[in-house]
Protein chains: 2
Amino acid sequence: MTDTPAPAPARRGRPGYDREQLLAGAVRVFNEQGYDATSVAALTERLGLSKAALYHHFDSKEQVLDASLEHALGSLEAVLDTPDALSGDAIDRLAAVLRGAVAVLVAELPHVTLLLRVRGNSEVERRALARRRAFDQRIAGLVREAQREGSVRSDIEASVVARLLFGMVNSIVEWYRPGGAEDAGRLADDVLTVALHGLRT
Amino acid sequence: MTDTPAPAPARRGRPGYDREQLLAGAVRVFNEQGYDATSVAALTERLGLSKAALYHHFDSKEQVLDASLEHALGSLEAVLDTPDALSGDAIDRLAAVLRGAVAVLVAELPHVTLLLRVRGNSEVERRALARRRAFDQRIAGLVREAQREGSVRSDIEASVVARLLFGMVNSIVEWYRPGGAEDAGRLADDVLTVALHGLRT
DNA sequence: GTCTATAAAGAGATAGAC
DNA sequence: GTCTATCTCTTTATAGAC
């Protein structure tokens with residue numbers, strides 16, 4: 001949840017990166033070209049420092065990835081432990097979680113984007129995928145509860161509903177760019193409208 | 001639309017790949033590990049032949065990718081030129097296109113999966129992205145028409161609706177596996193139900 | 001916190017025989 | 001249609017100076 005605490009007092013001359021700034025820059029580049037397709041040389045060139053300088057802050061390229069995934073997963077998991085997600089009707093808790101997930105997606109766009117593209121090619125990636133699966137299962141549980149209380153249609157399996165819902169939510173990283181026409185709150189409203197009430201007039 | 005015409009008469013001994021079989025195998029491996037993360041050595045080892053044998057069938061690793069993307073894009077674009085997508089009420093054409101897209105996704109799962117993960121790191125990838133954008137815009141146009149005819153709610157921008165819809169559809173490649181509980185037709189029904197009528201009872 | 005230079009391994013692709 | 005061997009370039013990561 002630490003998102004560049006102060007706006008970083010506009011350094012002059014040589015960047016003089018600290019670990020946090022470097023992470024943010026690296027994740028931006030990873031998202032443009034893909035993590036695997038981005039060599040450390042290409043990365044550091046884009047950021048304007050040498051490879052050795054980056055290796056002063058991180059042990060490996062993969063540790064950069066790990067830090068980013070931790071950031072994304074921590075923020076998403078926190079949504080499930082929010083008061084609004086813990087008590088009340090299941091439908092309201094589900095709505096709160098969807099709204100919270102959209103908010104995290106937008107607030108932590110680069111980290112979540114990177115997370116959603118991980119395929120499991122290393123121990124770090126597999127751990128991240130395991131945490132994603134656990135998250136998804138808690139969503140499916142929430143949908144099941146909402147079906148039992150009668151507020152969500154029961155003619156579609158809960159796990160399918162959960163997947164379609166988060167398919168819609170997660171796809172936001174593919175096109176949403178901050179400062180566009182749509183702000184985060186409006187976007188969450190749109191998602192909830194489509195998901196709960198549908199497009200048909 | 002050529003999907004292993006005959007089920008390939010179960011060769012004995014040495015594989016003796018032809019270009020088509022090799023493509024199918026390669027795409028499967030690319031989807032498991034990611035295209036960039038898969039070296040030609042790792043790929044051919046998995047397929048049980050030498051690098052030189054693969055280079056007998058394809059000029060380059062990228063040409064394998066290109067063939068797969070062509071397959072996926074051709075099939076998707078064909079959906080837009082289907083009779084049901086060309087005449088009738090806009091809402092019905094939209095529904096037909098969604099249904100067709102789900103069908104293609106399922107029928108050409110490996111190729112479409114690969115397509116959806118392309119980031120634009122080469123000319124081949126950028127051409128594919130351009131075709132995807134064109135496809136997306138035709139969908140947005142269809143949504144706009146449906147809004148004008150009054151069959152789709154107008155309080156959400158057409159381009160946002162189109163993106164959320166295809167976010168839901170495209171996310172299917174992340175979890176759908178043929179032969180599971182859900183068949184393609186049922187899956188398309190579920191998507192249309194959620195998209196048009198929503199989850200709320 | 002940064003740099004240049006370099007090590008060691010892995011990448012894509014080819015040569016030429018069978 | 002396949003193989004082994006090899007070329008060349010790029011990769012991740014480190015050494016050691018400033």
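What you see below is based on every heavy atom in this structure, not just the backbone, and it leaves out hydrogens, waters and symmetry mates. A note on names: the letters A, B, ... follow the listed sequences, proteins ahead of strands, and every chain is numbered from 1. Keep in mind it's a predicted model, so treat the numbers as computed, not measured.
For A:S39 and D:dT11, the shortest distance from a side-chain N or O to OP1 or OP2 is below 4.0 Å. For A:Y55, no side-chain nitrogen or oxygen approaches OP1 or OP2 of D:dT14 to under 4.0 Å. The phosphate of D:dT2 has OP1 or OP2 within less than 4.0 Å of a side-chain N or O from B:H57.
The residue among B:V40 and A:L22 whose nearest nucleotide of DNA chain C lies closer to the 5′ end is A:L22. Comparing A:A52 and A:T38 by the nucleotide of DNA chain D whose heavy atom lies nearest to each, the residue mapping closer to the 5' end is A:T38.
Counting any heavy atom pair closer than 4.0 Å across all strands shown, A:T44 reaches no nucleic acid atom.
The separation between B:Q21 atom CD and D:dG1 atom C1' is 12 Å, rounded to whole Å. The distance between atom CZ of A:F58 and atom C1' of C:dG1, rounded to the nearest whole Å, is 14 Å. Atom-to-atom, OH of B:Y35 to C1' of C:dA11 comes out at 12 Å; the value is rounded to the nearest Å. One can place CG of B:L54 at 15 Å from P of C:dA11, the figure rounded to the nearest angstrom. Rounded to whole angstrom, the span from the NZ atom of A:K61 across to the P atom of C:dA11 amounts to 12 Å. Residue A:E45 contributes atom CD, which lies 12 Å from atom P of D:dT10 at whole-angstrom precision. Across the protein-nucleic acid pair, B:L43 atom CG and C:dA13 atom C1' stand 14 Å apart, rounded to whole Å. The NE2-P distance, from A:H56 to C:dT2, rounds to 7 Å in whole Å.
With hydrogens and angles ignored, no donor-acceptor pair closer than 3.5 Å exists between the side chain of B:K51 and the base of C:dT14.
Note that the NZ atom of A:K61 and the OG atom of A:S122 stand 10.5 Å from one another [nearest 0.5 Å]. Taking CG from B:D136 and CZ from B:R131, the interatomic distance works out to 13.0 Å, rounded to the nearest 0.5 Å.
Applying the side-chain hydrogen bond (donor to acceptor under 3.5 Å, both in side chains) test between B:S151 and each of B:E149, B:Q147, B:R148 identifies B:E149 as the sole match.
More than 12 heavy atoms of other residues, nucleotides or ligands sit less than 6.0 Å from atom CD of A:E32.
Between B:L114 and B:N31, the shortest heavy-atom distance links the atoms N-OD1, 3.4 Å.
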